[in-house]
Amino acid sequence: MQPLNLDELGIVAGTNKSSLWSDYLRHFDRTFAEFKDKPIDVLEIGVETGASLRMWRKFFRDATIVGLDLSPKCLQYMQERVIVEIGSQDDPGVLADLCSKHTFSVIIDDGSHRPEHVVFTFERLFPALLPGGVYIIEDLKGHFDQGGNFRRGPGSLSPIASLSKISMQLMSGRIDSSDNFGIAKYLFESIDSVELISGAAIVRKRQKKLNVAKKLNAVEDLLQGADRPEAWGWLSSYLLRMGGPLEQAEKAARNAIALNSQLPVHYHQLSFVLERMGDTQGAIEQSMRAVALAEGTVAYKGYKAQLDHLNGINV
Ligand SMILES: C[S@@+](CC[C@H](N)C(=O)[O-])C[C@H]1O[C@@H](n2cnc3c(N)ncnc32)[C@H](O)[C@@H]1O
């Protein structure tokens, strides 16, 4: 007997993601093919009648499926390999708790669909997604002002604006220097692709290209004796992009500075590393050096934006 495909599973389970309604599942079937038999953690925000949780449980045969919903009534949909957590997607404590218990390869936002919730949740949860993981934002149609269709209010933070900006950055391969800090920088560096389907976005996170920790000694050996500070700077950027080891990214940036203490770009890089390590004060000090050295150059605007951002965090 042929197994049911994801759309058929969705129809049987009764979720409105199926081709009877939103018609997302023929896309998701392809997107999730690689995860089908893996022991991954899947999060769906929005449980309602438990329909999609039943479908995911059948489709992801070895996964733990976690559902988050405001309504305690949803607890009844717990079963083997299905966990339901009660809380709001705009509560940072709830999201942090979820991420401390699970490392998700798949996250689907089908919750409140309030614009500010969608953006907030994406910015909080995408950094916690495993490399190569997929983040889906559903029901984008409600965020367009078609026929007075702003169902959940326009909101000051719009998922459409966020996704459009990210897509523009991907297409151009660059991020404006005045945006290149904090979560925007993180998203630019870690998003591999954005796929738009009718009414939803499928955002994929980059794979780690290599096991940095294993290859680090070889890379460092290669650079030993290198008298070009930019080589250390590139190594530092690369390590930061790969998520670490951050101590090595810091060391590489400091090596660059030791070789030439007059190049602002290396203080700027060190500032990014220290920020990622949680050392905001140290990041501010390095950022101030970058700004002072870059005065009057084209790079000044971008370095100043990072400093302003850090000062914003530090108030
Ligand atoms: C569209 S339904 C989910 C449907 C389900 N995913 C399916 O396909 O069968 C949306 C759910 O989101 C929940 N919800 C609304 N606001 C929420 C919030 N702030 N945080 C978490 N869940 C929320 C609602 O209680 C509702 O059950």
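Start at 1 and go down the list; that is how both ligands and their atoms are numbered. This structure is a prediction, so every number in the text was calculated from the model and none was measured.
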For this session: Give the atoms of ligand 1, by number and element, whose distance to some non-hydrogen atom of S88 is under 4.0 Å.
Result: 18 (C), 19 (N), 20 (N)

For this session: Could you tell me whether F32 and W56 have their ring centroids closer than 6.0 angstrom?
Result: yes

Seminar exercise, completed: Per-atom filter on ligand 1: closer than 4.0 angstrom to a heavy atom of V47 are 5 (C)

Exercise. Can you tell which of E138, Q89, K17, H117 gets a heavy atom nearest to atom 20 (N) of ligand 1?
Worked result: Q89

Problem set entry | Ligand-residue contact atoms, ligand 1 with G111, heavy atoms, under 4.0 Å | 10 (C), 12 (O)

Exercise. Can you tell me the protein heavy atom closest to atom 15 (C) of ligand 1 and the distance?
Worked result: S112 CA, 3.7 Å

Exercise. Do K36's NZ or CZ and the ring of F60 fall within the cation-pi criteria of under 6.0 Å and 45°?
Worked result: no

Exercise. Between the candidates S18, S52, S22, G67, which shows the shortest non-hydrogen contact distance to atom 9 (O) of ligand 1?
Worked result: S52

Exercise. Who's closest to atom 11 (C) of ligand 1 heavy-atom-wise, of I45, D69, I108, L53?
Worked result: D69

For this session: Could you tell me how the ring of H268 sits relative to the ring of Y303: parallel (under 30°), tilted (30 to 60°) or perpendicular (over 60°)?
Result: tilted

For this session: Answer yes if the side chains of S198 and K141 hold a donor-acceptor pair under 3.5 Å, and no otherwise.
Result: yes

Seminar exercise, completed: One finds that the ligand 1 atoms under 4.0 Å from a non-hydrogen atom of G87 are 20 (N), 21 (C)

For this session: Before accepting this row, confirm whether a basic side-chain N of the pair E138/K17 lies closer than 4.0 Å to the acidic partner's carboxylate O.
Result: yes

Exercise. Of all the heavy atoms in C74, does at least one lie under 4.0 Å from an atom in ligand 1?
Worked result: no

